[in-house]
Amino acid sequence: MSTDVLICGAGRTPFGRSEATGRQLAVAAVNAALADAGIPWSRVGAAFGGSDSAGLADTLVAQLGLTGLPFVNVKNGCATGGSALVSAVNAIRSGMADVVLAVGFDKHPRGAFDPRPEDWGLGAEYGSDGLMVTTQFFGMKIQRYMHDHGITPRTLALVAEKAYRNGVLTPEAWRRKPLSAQEILESGMVSDPLTRYMFCSPGAGAAALVLCSPEAARALDGTPVTLRSAVVRTRRFGSFEVFSPWIPGGELASVSRDASAAAFEEAGVGPGDVDVCQLQDTESGAEVMHMAECGFCADGEQEGLVASGATGIGGTLPVNTDGGCIANGEPIGASGLRQVYEVVQQLRGRAGERQVPDEPRVGFTHVYGAPGVSACTVLSR
């Protein structure tokens, strides 16, 4: 299948706490993406978007313009933005439209997410026993991984230290205060081995992308980026996932391995070709595990890579150059598109103080979320 889809416009809002509604943030991100592409809303032929808790994306037309375009709501947990992007890609490939919008947005209350087990196909007792608290799952998963592959708590702290350092360089980031690894280790245990400052926080924000066919892109000014692949996958039997009440014995499957492998196969490149990447970092242990699950290293090699600075902005594999979820927070619907926005800026050479050196040419993004969904993209210039 042809992968000739170009990102011609990208926009985002600041992430964090906001007096604006989620829908208002979405409109701001869409208008920023349209301005970046140099087109009016009336030029968009179709749109896909969604949020987890901030309203229906198709109602944004009340502010953007009543042009009659098809606007499809997407809701797929942490993969909402990635799923909207896949839908937009398929709309262009199918000939539905030559200019398509993908938008993700959210606005969450303070505190951890508080889902109802019944909404996930689980009994009420699963929640009353405390197993719907996602911090517990992430703690258990990285604890097992650390035991199996020799990862130390200091590596988790160094990942978070990098996130806050990169957040300082990102004007739209929520957390823009640097923290040392020692401060992070001493910030108070939440779910062993994860401390307070190793976690991201639910917040508010929006991101949007304008996708074009090659023919439409040629008529626009600007610097398009090629979207070589965009895929979404769900869990297979044998995976260890959020809200899973049990796991089988033996080697575990991984939805992130499946999604990243499919994205690389579709793009015709491999992990070794990537110059900059964004990996889901709901907490710092997730970034560690996803480095291996997405093919960038073997299990256990993260200890040395992180300590050497390889994942820093000037390293051999820059990861989460905008600070990731740890520095930006996680408005669920927006996170996946925020990742793509960052890689687009890096490939264009417009990332400012956080710009990866030596003109990166290939980028990769990855999100992961409950109940075992992952979305990945590969981009190039």
Side-chain angles (χ1 to χ4, degrees), residues 3 5-13 15 22-23 25-34 36-37 41 44-61 63-64 69-94 96-108 204-213 225 227-234 259 262-263 266 278 280 325 328 330-344 365-370 373-379:
T3 57
V5 176
L6 303 177
I7 297 175
C8 293
R12 65 167 288 186
T13 68
F15 280 27
R23 294 176 71 258
L25 294 170
V27 169
V30 171
N31 285 331
L34 293 171
D36 187 40
W41 169 245
V44 177
F48 300 84
S51 73
D52 185 71
S53 59
L56 298 174
D58 69 315
T59 64
L60 299 175
V61 297
Q63 282 73 46
L64 294 170
L69 86 171
F71 200 138
V72 178
N73 292 315
V74 178
K75 186 173 182 178
N76 205 14
C78 291
T80 292
S83 298
L85 184 59
V86 169
S87 300
V89 168
N90 289 337
I92 290 177
R93 288 176 174 170
S94 69
M96 177 182 182
D98 62 354
V99 177
V100 182
L101 176 83
V103 59
F105 59 100
D106 250 311
K107 184 175 183 178
H108 304 296
L209 302 171
V210 174
L211 277 62
C212 298
S213 69
V225 168
L227 183 60
R228 300 181 65 164
S229 64
V231 304
V232 176
R233 292 291 185 272
T234 57
E266 183 178 309
Q278 296 276 110
Q280 178 80 13
C325 288
N328 284 273
E330 186 172 28
I332 285 179
S335 279
L337 297 184
R338 187 261 307 159
Q339 291 184 330
V340 178
Y341 171 91
E342 173 65 12
V343 171
V344 167
T365 73
H366 156 270
V367 292
Y368 164 83
V373 182
S374 183
C376 295
T377 71
V378 177
L379 305 95

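The shown structure was predicted, so the numbers you read here are calculated from the model rather than taken from an experiment.
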Fill in: Contact check, side chains of L60 and F105, non-hydrogen atoms, under 4.5 Å
yes
Worksheet item: Sub-3.5 Å donor-acceptor pair from the side chain of D58 to the main-chain atoms of V72, do we have one?
Response: no
Worksheet entry | Any donor-acceptor pair under 3.5 Å from S229 side chain to A263 backbone | yes
Discussion item. Just to verify, what does S83 make a side chain to side chain donor-acceptor pair (under 3.5 Å) with, not counting sequence neighbours?
Written reply: N76
Practice prompt. Just jot down the salt bridge (charged side-chain N to carboxylate O under 4.0 Å, His left out) partners of D36, sequence neighbours excluded, or say none.
Written response: R348, R350
Worksheet item: Does N328 reach the main-chain N or O of F15 with its side chain, forming a donor-acceptor pair under 3.5 Å?
Response: no
Discussion item. Using only atom types and a distance under 3.5 Å, with no angle test, would you say the side chain of S94 pairs donor to acceptor with the backbone of A91?
Written reply: yes
Discussion item. Is any side-chain heavy atom of K107 closer than 4.5 Å to one of S53?
Written reply: no
Item to complete: Flag the pair N31 / W41 as yes when at least one side-chain heavy-atom distance between them is below 4.5 Å, and no otherwise.
Response: no
Discussion item. Using side-chain heavy atoms (C-beta onward) and a distance below 4.5 Å, is L211 in contact with L85?
Written reply: yes
Item to complete: Determine, step by step, whether V89 and V100 satisfy the side chain to side chain contact (heavy atoms under 4.5 Å, CB included) criterion, reporting the C-alpha distance in whole Å, the side-chain angles of both residues, the deciding distance to 0.1 Å, and the verdict.
Response: CA-CA 8 Å; V89 168; V100 182; over 6 Å; no
Discussion item. Using 0.5 Å steps for rounding, measure from the CZ atom of R338 to the CG atom of L209.
Written reply: 12.5 Å
Worksheet item: Okay, side chain of T13, backbone of A206: is any donor-acceptor separation there less than 3.5 Å?
Response: yes
Worksheet item: How close do A88 and A102 get, heavy atom to heavy atom, and via which atoms?
Response: CB-CB, 4.3 Å
Worksheet, complete the sentence: When rounded to the nearest 0.5 Å, the distance separating CG of N73 from OG of S51 is 8.5 Å
Practice prompt. Please report the shortest heavy-atom distance between A54 and G22, naming the atom on each side.
Written response: CB-CA, 4.0 Å
Item to complete: Taking all heavy atoms of A204 and all of L25, pick out the closest pair and write down the distance.
Response: CB-CD1, 3.9 Å
Worksheet item: Can L34 and V210 be said to form a side chain to side chain contact (heavy atoms under 4.5 Å, CB included), step by step?
Response: CA-CA 7 Å; L34 293 171; V210 174; 4.1 Å; yes
Worksheet entry | Residue pair V344 / L379, side-chain heavy-atom distance below 4.5 Å | yes
Practice prompt. With sequence neighbours excluded, tell me which residues meet ring pair (Phe, Tyr, Trp, His ring centres under 6.0 Å) with Y341.
Written response: none
Practice prompt. Hey, could you give me the SG/CD1 distance between C212 and I7, rounded to the nearest 0.5 Å?
Written response: 10.0 Å
Discussion item. Applying side chain to side chain contact (heavy atoms under 4.5 Å, CB included) to C325 and S335, what does each step give before you reach the verdict?
Written reply: CA-CA 7 Å; C325 288; S335 279; 4.1 Å; yes
Worksheet entry | Validation row: R233, C376 side chains within 4.5 angstrom (heavy atoms) | no
Item to complete: Using a 4.5 Å cut-off on heavy atoms from C-beta on, say whether the side chain of F71 contacts that of V61.
Response: yes
Item to complete: With sequence neighbours excluded, tell me which residues meet side chain to side chain donor-acceptor pair (under 3.5 Å) with T80.
Response: none
Worksheet item: Which atoms form the tightest heavy-atom contact between G50 and A57, and what is the distance?
Response: N-CB, 3.7 Å
Discussion item. Looking at G77, is its backbone amide N or carbonyl O close enough to the side chain of D52 to form a donor-acceptor pair, meaning the two atoms are under 3.5 Å apart?
Written reply: no
Item to complete: Go through the structure and list residues passing side chain to side chain donor-acceptor pair (under 3.5 Å) with R23, not counting sequence neighbours.
Response: T59, Q63
Item to complete: For the residue pair V373 and V367, establish whether any side-chain heavy-atom pair is separated by less than 4.5 Å.
Response: no
Fill in: Set of residues satisfying side chain to side chain donor-acceptor pair (under 3.5 Å) with respect to E342, sequence neighbours excluded
T321, Q346, R354
Worksheet item: Any salt bridge between R93 and E266, counting N to O under 4.0 Å?
Response: yes
